[in-house]
Amino acid sequence: MPDLILHGIRVEDTFAEAFDMAATALVLTAETPEWALIAATTMTGFATSVIGCGAEAGIDAVLSPDETPDGRPGVRVLLFGFDAGGLKDQLLRRVGQCVLTSPGSAVFAGIAWDDPNVGKALKLGGAIRYFGDGFATAKRVAGRRYWRTPVMDGEFLCEHSVPTVGGAVGGGNLLFLGRRFAETLRVAEIAVAAARAVPDAILPFPGGVVRSGSKVGARTKGMMASTNDAYCPTLKGRAGSALPPEVDVVLEIVIDGLSAGSVAAAMRAALHASTKAGGELGLVAVTAGNYGGNLGRHHFHLRDLIGEAA
């Protein structure tokens, strides 16, 4: 099939292959926006890949006091895992070590309990309360149960449990093929900003960008994944390279979302923003990574993302 053109930039007629994941969302609040962001940033650290980190996580939105349950500044974070069991383990570890410890913090479910896509509930405050050594107390507000655990700055308020969401998807992606590093990085940054503006989606890699894209398997025994040599510019002369001569850098963005729709919307926003800016920044082409359609049931065809969002 011939390649597509968007804003004068070549877009390969291919698809990103993505996977079903378990996911939840939290609202973290604190006395100031700065401390809410500190708690959220700490909790979502070391969460770029579920394979190597146990979870994928990121900040979905910064919330004003009128958008949070306790009327304080807040941040909404998303957390993804392979399954509900693994997600619960990561949730408890990250809240217990990174939010409970953060001055003035409180934790609320970031998904409405009456959302039609609500799945299994994960016990959170109901487990962390044991840190209170028997002094934690329960309270019920508007039908929702919370635990108040004594800590040295007062109390840590945490919702008893938080819901998972059905239909979460991880692994939407775009690859940007460029001529020069600094300009291609700028293209990726523009794409990240556009994708992050879409609700219910995160980009878990550093700054939203990954340079070490991978393929399944390796020549070394026991390796689950290895460098995506087809897109490494220093290997352009080897058989199997997917890069034209003028490409000297490739950067990728990876998107996780609470639904396939949120991933598609974030990919569409990133694709349009990157190609719109790419002409002046040496962008050669945009493509996507997949495994031939054999591993993930979600296929995001770039052809379908060319049209502007409704």
Side-chain angles (χ1 to χ4, degrees), residues 23-45 47 57-80 91-92 94-118 121-129 131-132 136-165 168 192-204 207-208 256-259 262 265-266 269:
T24 191
L26 302 178
V27 171
L28 313 181
T29 66
E31 286 299 305
T32 67
E34 291 79 12
W35 277 107
L37 192 59
I38 287 170
T41 302
T42 308
M43 182 195 153
T44 57
I59 292 172
D60 179 40
V62 175
L63 305 176
S64 63
D66 60 2
E67 296 176 295
T68 65
D70 62 358
R72 301 191 303 166
V75 177
R76 186 180 193 237
V77 300
L78 307 185
L79 187 69
F80 295 80
L91 180 68
L92 289 173
R94 291 170 183 272
V95 172
Q97 295 300 311
C98 304
V99 188
L100 168 65
T101 57
S102 185
S105 64
V107 179
F108 305 88
I111 299 168
W113 284 98
D114 59 357
D115 188 299
N117 294 317
V118 160
L122 305 178
K123 187 183 293 186
L124 182 56
I128 289 178
R129 70 184 177 97
F131 177 77
T137 58
K139 66 181 296 185
R140 190 172 293 273
V141 179
R144 292 162 66 168
R145 192 181 187 194
Y146 301 88
W147 286 94
R148 301 161 61 181
T149 300
V151 288
M152 293 191 300
D153 70 352
E155 292 180 331
F156 174 60
L157 181 70
C158 185
E159 195 151 351
H160 176 78
S161 59
V162 297
T164 58
V165 60
V192 167
R196 282 181 170 165
V198 175
D200 295 340
I202 60 164
L203 292 84
D256 299 339
L258 296 184
S259 67
S262 59

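The figures that follow rest on heavy atoms only: side chains count, while hydrogens, waters and symmetry mates do not. Residue numbers count from 1 along this sequence.
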Asker: Quick one: OG on S262 to CG on D256, what's the gap to the nearest 0.5 Å?
Answerer: 9.5 Å

Asker: Do the ring planes of Y146 and F108 sit parallel (below 30°), tilted (30 to 60°) or perpendicular (above 60°)?
Answerer: perpendicular

Asker: Enter the distance from S102:OG to D153:CG here, rounded to the nearest 0.5 Å.
Answerer: 9.0 Å

Asker: Return yes if some donor-acceptor pair links the side-chain N/O of T42 with the main-chain N/O of C98 below 3.5 Å, else return no.
Answerer: no

Asker: For a 4.5 angstrom cut-off between non-hydrogen side-chain atoms, does L91 reach L26?
Answerer: yes

Asker: Does R72 use its side chain to pair, donor to acceptor, with the backbone of L28 at less than 3.5 Å?
Answerer: no

Asker: Taking the six-membered ring where the residue is Trp, are the ring centres of F156 and F131 under 6.0 Å apart?
Answerer: no

Asker: Using a strict 4.0 Å threshold on nitrogen-to-oxygen distance, state whether R76 and D200 make a salt bridge.
Answerer: yes

Asker: Over all heavy atoms of both residues, which pair between A40 and V77 is shortest? Give the atoms and the distance, please.
Answerer: CB-CG1, 3.7 Å

Asker: Considering all heavy atoms of both residues, which atom of A266 and which atom of A195 are nearest to each other, and what is their separation?
Answerer: O-CB, 3.7 Å

Asker: Considering non-hydrogen atoms only, spot the tightest contact between D115 and I111 and give its length.
Answerer: CB-CG2, 4.1 Å

Asker: If you define the side chain from C-beta out and look only at heavy atoms, does anything of P73 sit under 4.5 Å from T29?
Answerer: no

Asker: Do L124 and H160 come close enough that some side-chain heavy atom pair is under 4.5 Å?
Answerer: no

Asker: Does any non-hydrogen side-chain atom of L78 lie less than 4.5 Å from one of L258?
Answerer: yes

Asker: Determine whether L63 and V75 make a side-chain contact, defined as any pair of heavy atoms from C-beta on separated by less than 4.5 Å.
Answerer: no

Asker: Would you mind reporting whether V151 and L100 have side-chain heavy atoms less than 4.5 Å apart?
Answerer: yes

Asker: If the test is salt bridge (charged side-chain N to carboxylate O under 4.0 Å, His left out), which one of K139, R129, R148 qualifies with E155?
Answerer: R148

Asker: Check whether any side-chain heavy atom of V107 lies under 4.5 Å from a side-chain heavy atom of L157, and answer yes or no.
Answerer: no

Asker: Can you see which heavy atom on V27 is nearest to which on P69, and at what distance?
Answerer: CG1-CD, 4.1 Å

Asker: Taking all heavy atoms of L79 and all of A57, pick out the closest pair and write down the distance.
Answerer: CD1-CB, 3.5 Å

Asker: For the residue pair V165 and T24, establish whether any side-chain heavy-atom pair is separated by less than 4.5 Å.
Answerer: no

Asker: What pair of heavy atoms forms the shortest contact from A36 to G74, and how long is it?
Answerer: CB-CA, 4.0 Å

Asker: Once you round to the nearest 0.5 Å, how far does CZ of R145 lie from OG of S161?
Answerer: 9.0 Å

Asker: With a 3.5 Å distance limit and no angle check, can you tell me whether T68 reaches the backbone of P65 through a side-chain donor-acceptor pair?
Answerer: yes

Asker: Before accepting this row, confirm whether a basic side-chain N of the pair R144/E159 lies closer than 4.0 Å to the acidic partner's carboxylate O.
Answerer: yes

Asker: Around atom CD of Q97, are there more than 12 heavy atoms of other residues, nucleotides or ligands at under 6.0 Å?
Answerer: no

Asker: Please walk me through it: do V118 and T164 pass side chain to side chain contact (heavy atoms under 4.5 Å, CB included)?
Answerer: CA-CA 6 Å; V118 160; T164 58; over 6 Å; no

